[in-house]
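Keep in mind that what you see is a predicted model, and the values were worked out from it rather than measured. Per chain, numbering begins at 1; letters A, B, ... match sequence-line order.
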There are 2 protein chains.
Amino acid sequence: MSFDRDQVLRAAADLLTRKATATTEEVARAAGISRATLNRHFPGRDVLVRALEDLGIAECEAALDAARLAEGTAADAVRRLVRALEPCTSLLAFLYSENQLFEGEGQHAGWSRIDERLTALFRRGQADGEFRIDLSAVWLTEALYGLLAAGGWAVIEGRVARNDFTHMIAELLLGGTMRRDAS
Amino acid sequence: MSFDRDQVLRAAADLLTRKATATTEEVARAAGISRATLNRHFPGRDVLVRALEDLGIAECEAALDAARLAEGTAADAVRRLVRALEPCTSLLAFLYSENQLFEGEGQHAGWSRIDERLTALFRRGQADGEFRIDLSAVWLTEALYGLLAAGGWAVIEGRVARNDFTHMIAELLLGGTMRRDAS
DNA sequence: CCCATGTGAGACATGTCTGTCTCATGTGAT
DNA sequence: ATCACATGAGACAGACATGTCTCACATGGG
């Protein structure tokens, strides 16, 4: 019954993704610890959310590193990225919706770094003539977030198979819905 | 100072989209009425959310009607649909995130109807050979929701221009990021 | 003019979540 | 065995949102 910070954070993320308004007692029970212990380590719900944010940022940056965005074609980099991001989608989905609440406080600097790296990837694709230029790189970054969240929720609700996750998101983002035969 | 149900609902939607945890007093103040009056007409927060849901469903179905999804190419139908949906995006974005909370209760039947109409549109595009078939129509429907929400929030946060809304979403969904020259 | 209706303001009780505290228990190290 | 330490369980008070109630006021119709 020792305290495993990482395991607690993951249990909290799993629960909060499904039920964003969960009580601290529910979070504690989901993590297998008491409310008192949860409060000793994370004094306040905002502290817990910030810790989840830090975890999400760390996992995102690890995924970005693992995807080696600078190598190969931008399209392949996007595919590697989506695949690398898949394990932390539910955490991202939670933080994505939670972020809407952080109105004025200014967002975590980590997200800016991640935004910048993603935007740079799309800009590279545009500069290489690989991606179209009438959709701004900033919008493509936002769209990727939206598709990841939509995909994560669709998987949770059983509307789509988890195995299809990477293919669905990456191929929709890259190729859209239109058939590409013609060519 | 008479009570205008529709105006109150729109004010509530605007506020709740930006701050999903807003107090009933904040909602009332945003709508220009007192908390007592708000509670007379919407006894309970869930009643208010349900009313917003009904409003969102009604506006969605009106947009679906206006877009005449059965006419012309499926791609053009999607473009008309996104354009018709644009005015109620913020309400949709709120309901989209709020819906994650309705876990067990079973969702409003209206959403099923809307899902079905959207899925039918994508299926038609696939049957006509216009859309690719390796992305399921159900996923395309979910993706459209995700892109609408992402677009709505990106506009609210000033990351992208409101004028670009329709083009960004529709063209990304239809054509993806890849350049389409070649062909 | 009088009355009915609807509203705003405020007070009040209630329920819930939260943060904190105490105390007993269990575990590991010495 | 003993001690230090962390945890679990429960109690407690405070903060907050909520729902309800009363009362005063304005408006509109009879």
Whole-Å gap separating [atom2] ([N]) and [atom1] ([X]):
{"X": "A:N39", "N": "D:dA6", "atom1": "CG", "atom2": "C1'", "result": "15 Å"}
{"X": "B:R35", "N": "D:dC16", "atom1": "CZ", "atom2": "P", "result": "14 Å"}
{"X": "A:R40", "N": "C:dT18", "atom1": "CZ", "atom2": "C1'", "result": "15 Å"}
{"X": "B:L38", "N": "D:dT20", "atom1": "CG", "atom2": "C1'", "result": "14 Å"}
{"X": "A:D46", "N": "C:dT18", "atom1": "CG", "atom2": "P", "result": "11 Å"}
{"X": "B:E25", "N": "D:dT20", "atom1": "CD", "atom2": "P", "result": "17 Å"}
{"X": "B:L48", "N": "D:dG19", "atom1": "CG", "atom2": "P", "result": "10 Å"}
{"X": "B:I33", "N": "C:dG8", "atom1": "CD1", "atom2": "C1'", "result": "11 Å"}

What I want to check is whether the side chains of B:E53 and B:W111 have a donor and an acceptor closer together than 3.5 Å.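 Short answer, yes.
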Go nucleotide by nucleotide along DNA chain D from the 5' end; which of A:T37 and B:T24 gets its closest nucleotide reached first?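 Whichever sits nearer the 5' end wins; that is A:T37.
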Partner residues of B:A63 under the side-chain contact (heavy atoms from CB on, under 4.5 Å) criterion, sequence neighbours left out: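 Per chain and number, B:A63 pairs via side-chain contact (heavy atoms from CB on, under 4.5 Å) with B:A84, B:L85.
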How would you label the contact of B:R45 with the nucleic acid (heavy atoms, under 4.0 Å): base, sugar-phosphate, or nothing? sugar-phosphate
Between A:T17 and A:S90, what is the shortest heavy-atom contact and its length? OG1-O, 2.9 Å
Closest listed nucleotide, where the reference is the side chain of A:A36 and the choices are D:dT18, D:dG10, D:dT7: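 The answer is D:dG10.
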Phosphate OP1/OP2 of C:dC17 contacted by A:T23 side-chain N/O (<4.0 Å): yes
Are OP1 or OP2 of C:dT7 and a side-chain N or O of B:H41 less than 4.0 angstrom apart?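 For B:H41, the contact criterion (side-chain N or O under 4.0 Å from OP1 or OP2 of C:dT7) is met.
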State whether B:R18 and B:D14 are salt-bridged, where the test is any N-O pair (Lys NZ or Arg NE/NH1/NH2 against Asp/Glu carboxylate O) under 4.0 Å.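 Here B:R18 does not pair with B:D14 in a salt bridge, since their nearest N and O are not under 4.0 Å apart.
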